[in-house]
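Below you'll find the structure, written out as structure tokens, and then a few comments.
Values below: every heavy atom of this structure, side chains too, minus hydrogens, waters and symmetry copies. Below, chains carry the letters A, B, ... as their sequence lines are ordered, and counting in each starts from 1.
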Amino acid sequence: MNNEEKNRPQNFIEEIIEEDLKAGKNGPGVHTRFPPEPNGYLHIGHAKSICLNFGLAAKYGGLCNLRFDDTNPEKEDVEYVDSIMEDVRWLGFQWHDRPYYASDYFGQLYDWAVLLIRKGLAYVCDMGPDEIAATRGTPTEPGRESPWRGRSVDENLDLFERMKKGEFPDGSKVLRAKIGMDSPNMHMRDPVLYRIKRAEHHRTGNDWCIYPMYDFAHGQSDYVEGITHSICTLEFEVHRPLYDWFLDHLAEEGRVRPRQIEFARLNLSYTVMSKRLLLRLVKEGHVKGWDDPRMPTISALRRRGCTPEAVRAFAAIIGVAKRDTVVDMALLDHCIREDLNRRSPRVMGVLDPLRLVIENYPDGRVDELEIANNPEEPAAGSRRVPFSRVLYIEREDFMEEPPRGFFRLAPGREVRLRGACLATCTGAVKDEAGNIVEVRCEWDPASLGGNAPDGRRVKGTLHWVSAAHAVKAEVRLYDRLFTCEDPYRAEEGKDFISNINPYSLKIVSAYIEPHVAGARPGERFQFERLGYFCVDPDTTDRRLVFNRTIPLKDSWAREAKKGR
RNA sequence: UGCCCGGUGGUGUAACUGGCAACACGUCUGGCUCUGGACCAGAAAUGUCUAGGUUCGAACCCUAGCCGGGCAGCCA
């Protein structure tokens, strides 16, 4: 890719920005913001927005502000502020330790409200929520004007000040813009600017009993911070005329005016993305918390073992556009695998152990084998893995009567024990019930290391651990949280909860090679032939816990499925 | 049946702005392999919502229609 191509706009937002840059509209440069409301945990959809906003700033040499849109104290909390900061930081973006808060502008916003009143563009309305709703009209019929719409400027000024002082009960009065009740755009029908709400705010405490609405706060906050491009999701498209209306009446001549641009939020198959639904999953106990690895939250992705690089690669690959679409979860899976494959040291672990005894291997002998940590990355070095007479192999790697195309162990078959030797199966031992409890084999001592001197080949290579040396670990095998691509589509009378995958978590007791002993939470490995795994924070000195981040692709499983 | 937005292979995104519809994922086939992974090579995709129009030429511009999404919180 030559320079010209690399610098070409990648999406419609970059096109807009470059036009604005050319027209000299942005003053000093490009300035974006990521404006979460601290009322929940961030999810992969937010990651798309974070990567977009911070990425745009980086590309055009500008800044991106992290700004908490905290205008509704009833729903917001510092717990969420902290988690959001942690997530943004983890994703690899920084805001130079200058977080912004819409609540920092409460004073300015109040002054602007007073200014609108002075201009005759806002009034105090005594109607309650129900009345306001009843007089707003419908999308097809105009609303009715409030009886309080004609109050004088002085009366409005007095009443608004007394609202602020706390002279009126919650919900008894609001400040509304005077725009017109017949607008075809519902948001322009004298929208509420301020409401009375006696709630303790996580930052301003009890300083205020009136709080601005989103529409009155957002655009002006952008303006205060010198934001040039205010990027939000599609549902705010109809708010844009109001966003511009406030700025038309409040912005000063010659100062940078922000421009709102809308893009399609991320939808992912096999999961849900709304905060409300995610909250339900947590509250109703369908998952263990916001960071349960089955969740699409950033904290869950992190706990599961995804890297920030994988998430960023995903954000880049899905692109940015305006149509409402659903991205295939397989694309996220791909990005995770691609990244983990490059960086994960390999290790052997057995999830469903079956004893394998090497009959002609001396009892008590141990070979310390030198095995590469990552065959594709010599710099990753190697480790020593103990090999002995009694091993564990994966139960599904042995079949007494193998079907066509099964390359693993079966009576009379020779396979390779990864990094160790070639071994031929001599039989299996069963219990009274007929269950296979042990497999027996003979090894070829000349093949120590993995290859026979005579150059003969085997079709299968199995992972294994030495029974006497293995470390025991709890391994949490996660699968998709929902059984269908579109969990919202449920049977008559049921909701998305009915589409939860009952097998989304399977916990097994596994044997892992001793190399992983002492691994710290967050450490990642590839368990050869199985997938990528990450040490869970539940790990203690006495208990080792792994999460399966994602399985390796398994073409045999696919083949076996087809055969059925 | 008001207003706003959007329709490109199964999925997502492109098409140098009116000039051979491409890239990635997924799928399939073959190769290679001490991971049935990775990697390499290749294939299929009945793809520009429909109908008109402008034009030498339309995914792109115009008109009409169809389909999908959003909007009636003192939520954001």
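Using a 4.0 Å heavy-atom criterion, one finds that A/Gly460 contacts no nucleic acid atom at all. In this structure, A/Met348 reaches neither bases nor backbone, as no heavy-atom distance under 4.0 Å exists between it and the strands shown. Residue-level contact check: A/Glu74 touches neither bases nor backbone, having no heavy atom under 4.0 Å from any strand. In this structure, A/Met163 reaches neither bases nor backbone, as no heavy-atom distance under 4.0 Å exists between it and the strands shown. Residue A/Ser555 is classed as a sugar-phosphate contact, given heavy-atom separations below 4.0 Å to backbone atoms only. Within 4.0 Å (heavy atoms only), A/Arg416 reaches at least one base atom of the nucleic acid. Among the heavy atoms of the strands lying under 4.0 Å from A/Asn451 is at least one base atom, whether or not backbone atoms are also near.
Across the protein-nucleic acid pair, A/Met329 atom CE and B/G10 atom C1' stand 17 Å apart, rounded to whole Å. We find that CD of A/Glu141 is positioned 14 Å from C1' of B/C3, with the value rounded to whole Å. Atom NZ of A/Lys275 and atom C1' of B/C75 are 10 Å apart (whole Å). For A/Tyr270 and B/U11, the OH to P distance is 13 Å, given to the nearest whole Å. Atom pair A/Arg144:CZ and B/A72:P shows a separation of 18 Å (rounding to whole Å applied).
For the pair A/Arg203 and A/Tyr101, the cation-pi criterion (under 6.0 Å, within 45° of the ring axis) is fulfilled. Both tests pass for A/Lys173 against the ring of A/Phe168: distance under 6.0 Å to the centre and angle within 45° of the axis.
A salt bridge links A/Arg151 with A/Asp126: at least one charged nitrogen is closer than 4.0 Å to a carboxylate oxygen. Here A/Arg456 pairs with A/Asp444 in a salt bridge; the nearest charged N to carboxylate O distance falls below 4.0 Å. Electrostatic pairing of A/Lys22 and A/Glu18 does not count as a salt bridge here, judged by no charged N lying under 4.0 Å from a carboxylate O.
Taking every side-chain heavy atom of A/Gln526 into account, B/U35 is the closest of B/G26, B/C71, B/U35. Listed nucleotides: B/C71, B/U35, B/C74. Nearest to the side chain of A/Ile132: B/C74. Checking B/U35, B/G12, B/C75 against the side-chain heavy atoms of A/Val327 singles out B/G12 as nearest. In the set B/C25, B/U33, B/C74, the nucleotide with an atom closest to the side chain of A/Val174 is B/C74. Taking the side chain of A/Pro375 as heavy atoms from C-beta on, and the options B/U35, B/A72, B/C25, the nearest nucleotide is B/U35.
The stretch residues 231-241 of chain A touches RNA chain B through A/Glu235, A/Phe236, A/Glu237, A/Val238, A/His239, each having a heavy atom within less than 4.0 Å of the strand.
Along RNA chain B, the nucleotide closest to A/Glu37 and the one closest to A/Lys459 are compared, and the more 5′ of them pairs with A/Lys459.
For the pair A/Arg418/A/Arg529, no side-chain contact is recorded, criterion being any heavy-atom separation below 4.5 Å from C-beta on. At least one side-chain heavy atom of A/Cys306 sits less than 4.5 Å from a side-chain heavy atom of A/Thr549.
At least one side-chain nitrogen or oxygen of A/Lys553 sits closer than 4.0 Å to the OP1 or OP2 atom of B/G26.
Judged by distance alone with a 3.5 Å cut-off, a donor-acceptor contact links the side chain of A/Arg408 to the base of B/G36. Remark: the A/Glu376 side chain and the B/G37 base include a donor-acceptor N/O pair separated by less than 3.5 Å.
The closest side-chain donor-acceptor pair between A/Arg416 and A/Asn451 falls under 3.5 angstrom.
For the pair A/Trp556 and B/G36, the ring geometry qualifies as stacking, because the centroid separation is below 5.5 Å while the planes lie within an angle under 30°.
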Listed pairs, N/O of protein and of nucleotides 13-15 of chain B, under 3.5 Å:
residue : atom : partner  : partner atom : Å
B/U13   : OP2  : A/Arg323 : NE           : 3.3
B/A14   : OP1  : A/Val320 : O            : 3.2

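Aromatic ring orientation, A/Tyr392 versus A/Tyr511: parallel (interplanar angle below 30°, classes split at 30° and 60°).
Between the side chain of A/Ser344 and the main chain of A/Asn341, no donor-acceptor pair closer than 3.5 Å is present.
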